[in-house]
Amino acid sequence: MTKQIIKTENAPAPIGPYNQAVKAGDTIYLSGQIALHPTTGELMTHDIEVETHQVMQNIKAILDTCRISFEHVIKTTIFLSDMDLFAKVNEIYGSYFSGDYPARETVAVKTLPRNVHVEISMIAIQHL
């Protein structure tokens with residue numbers, strides 16, 4: 001099995017020693033994405049709706065680079081700065097899927113990178 005590094009300029013560049021995604025066999029592991037705008041580097045944290053959409057758009061850009069969609073996602077982890085944000089994040093997150101939702105856990109953590117409110121990582125399978 002080979003390991004392939006996935007990179008796209010349509011999602012934020014990593015802010016540490018990691019990659020946007022790594023493909024091993026047919027499995028693609030997407031690193032946690034925060035609401036960094038890919039071209040300006042601006043944090044899109046005006047409100048939780050804008051922030052969550054930016055996170056999901058960053059993920060979509062990585063999935064697009066792999067020539068797959070949210071339908072290929074089998075596992076998601078959502079990190080929140082406060083569980084009171086769950087309902088709004090859940091509604092926006094769910095709108096990116098068409099019904100066959102992946103497995104998921106959502107956890108509240110003390111702090112997230114750059115003090116954002118939401119970070120999402122995913123695992124996808126290229127050939128379903």
Side-chain angles (χ1 to χ4, degrees):
M1 181 180 315
T2 61
K3 178 172 105 173
Q4 177 186 354
I5 304 303
I6 307 297
K7 296 180 186 178
T8 179
E9 292 181 7
N10 296 322
I15 57 176
Y18 62 91
N19 289 291
Q20 292 167 326
V22 175
K23 180 180 175 190
D26 277 350
T27 305
I28 302 165
Y29 301 88
L30 285 78
S31 293
Q33 294 296 305
I34 61 174
L36 276 173
H37 191 278
T39 55
T40 67
E42 179 186 356
L43 277 173
M44 306 299 288
T45 54
H46 317 332
D47 61 51
I48 195 60
E49 290 91 353
V50 168
E51 186 171 351
T52 305
H53 277 296
Q54 185 63 58
V55 170
M56 296 301 286
Q57 287 300 309
N58 292 344
I59 291 167
K60 182 182 182 311
I62 297 168
L63 294 172
D64 287 349
T65 296
C66 299
R67 297 185 182 138
I68 61 174
S69 70
F70 285 102
E71 300 308 308
H72 293 85
V73 175
I74 60 167
K75 177 74 168 65
T76 302
T77 303
I78 299 176
F79 300 94
L80 298 174
S81 63
D82 186 331
M83 237 357 147
D84 288 342
L85 301 171
F86 178 82
K88 288 181 183 177
V89 170
N90 192 53
E91 178 182 351
I92 293 165
Y93 162 89
S95 73
Y96 284 81
F97 296 90
S98 64
D100 286 335
Y101 302 107
R104 182 185 86 185
E105 65 266 334
T106 303
V107 295
V109 295
K110 185 176 177 182
T111 50
L112 288 164
R114 300 202 177 174
N115 294 314
V116 298
H117 301 101
V118 60
E119 179 176 1
I120 302 174
S121 65
M122 295 186 179
I123 300 171
I125 300 294
Q126 192 157 40
H127 299 103
L128 292 176

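Source: prediction; values computed, not measured. Only heavy atoms go into these numbers, but all of them, side chains included; no hydrogens, no water, no symmetry mates. Here, residue 1 is the first one in the sequence, and each next residue gets the next number.
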Closest non-hydrogen atom pair, F70 against Y96: CB-O, 3.4 Å
Show me the donor-acceptor pairs, under 3.5 Å and distance only, between side chains in residues 107-116 and residues at least two apart or in other chains.
none

Donor-acceptor pair, side chain of T65 and main chain of A61, under 3.5 angstrom: yes
CD/E9: more than 12 non-hydrogen atoms of other groups inside 6.0 Å: no
Pair L63-S69, side chain to side chain contact (heavy atoms under 4.5 Å, CB included): steps then yes or no: CA-CA 6 Å; L63 294 172; S69 70; 5.8 Å; no
Pairwise side-chain contact, F86 with T106, heavy-atom cut-off 4.5 Å (strictly under): yes
Derivation of the side chain to side chain contact (heavy atoms under 4.5 Å, CB included) call for T27 and I123: CA-CA 7 Å; T27 305; I123 300 171; 3.6 Å; yes
Residue pair H72, Q126: steps toward the side chain to side chain contact (heavy atoms under 4.5 Å, CB included) verdict: CA-CA 6 Å; H72 293 85; Q126 192 157 40; 5.8 Å; no
L36 reachable from I59 in the ILVMFWY side-chain graph, under 4.5 Å edges: no
Polar side-chain atom of S31 near backbone of N19 as donor-acceptor pair, under 3.5 Å: yes
Nearest atoms (heavy-atom pairs only) where Q33 meets V55: O-CG1, 3.4 Å
From CZ (F97) to CZ (R104), nearest 0.5 Å: 9.0 Å
Joint hydrophobic cluster, Y101 plus V73, side-chain heavy atoms closer than 4.5 Å: yes
Side-chain (E71) to main-chain (S98) donor-acceptor, under 3.5 angstrom: yes
Step-by-step side chain to side chain contact (heavy atoms under 4.5 Å, CB included) determination, I120 to M56: CA-CA 8 Å; I120 302 174; M56 296 301 286; 3.8 Å; yes
Rounded distance [0.5 Å steps], NZ in K3 versus OH in Y29: 12.0 Å
Polar side-chain atom of N58 near backbone of P38 as donor-acceptor pair, under 3.5 Å: no
Straight-line distance of K60 NZ to M122 CE, nearest 0.5 Å: 12.5 Å
Y93-H53 side chain donor-acceptor pair, cut-off 3.5 Å: no
Set of residues satisfying ring-ring contact (aromatic ring centres under 6.0 Å, His included) with respect to H37, sequence neighbours excluded: none
Table please: side-chain donor-acceptor pairs of residues 42-50 below 3.5 Å, with sequence neighbours left out.
from	atom 1	to	atom 2	distance (Å)
D47	OD1	E49	N	3.0
D47	OD1	V50	N	2.8

L30 side chain near S121 side chain, heavy-atom distance below 4.5 Å: no
Shared hydrophobic cluster for L80 and I34 (ILVMFWY, side-chain gaps under 4.5 Å): no
Connected via hydrophobic side-chain network under 4.5 Å: V22 and I62: no
Side-chain donor/acceptor of Q20 to backbone N/O of T8, under 3.5 Å: yes
Neighbour count >12 (heavy atoms, 6.0 Å) for atom NZ, K23: yes
Joint cluster assignment, I74 & I28, ILVMFWY side-chain distance < 4.5 Å: no
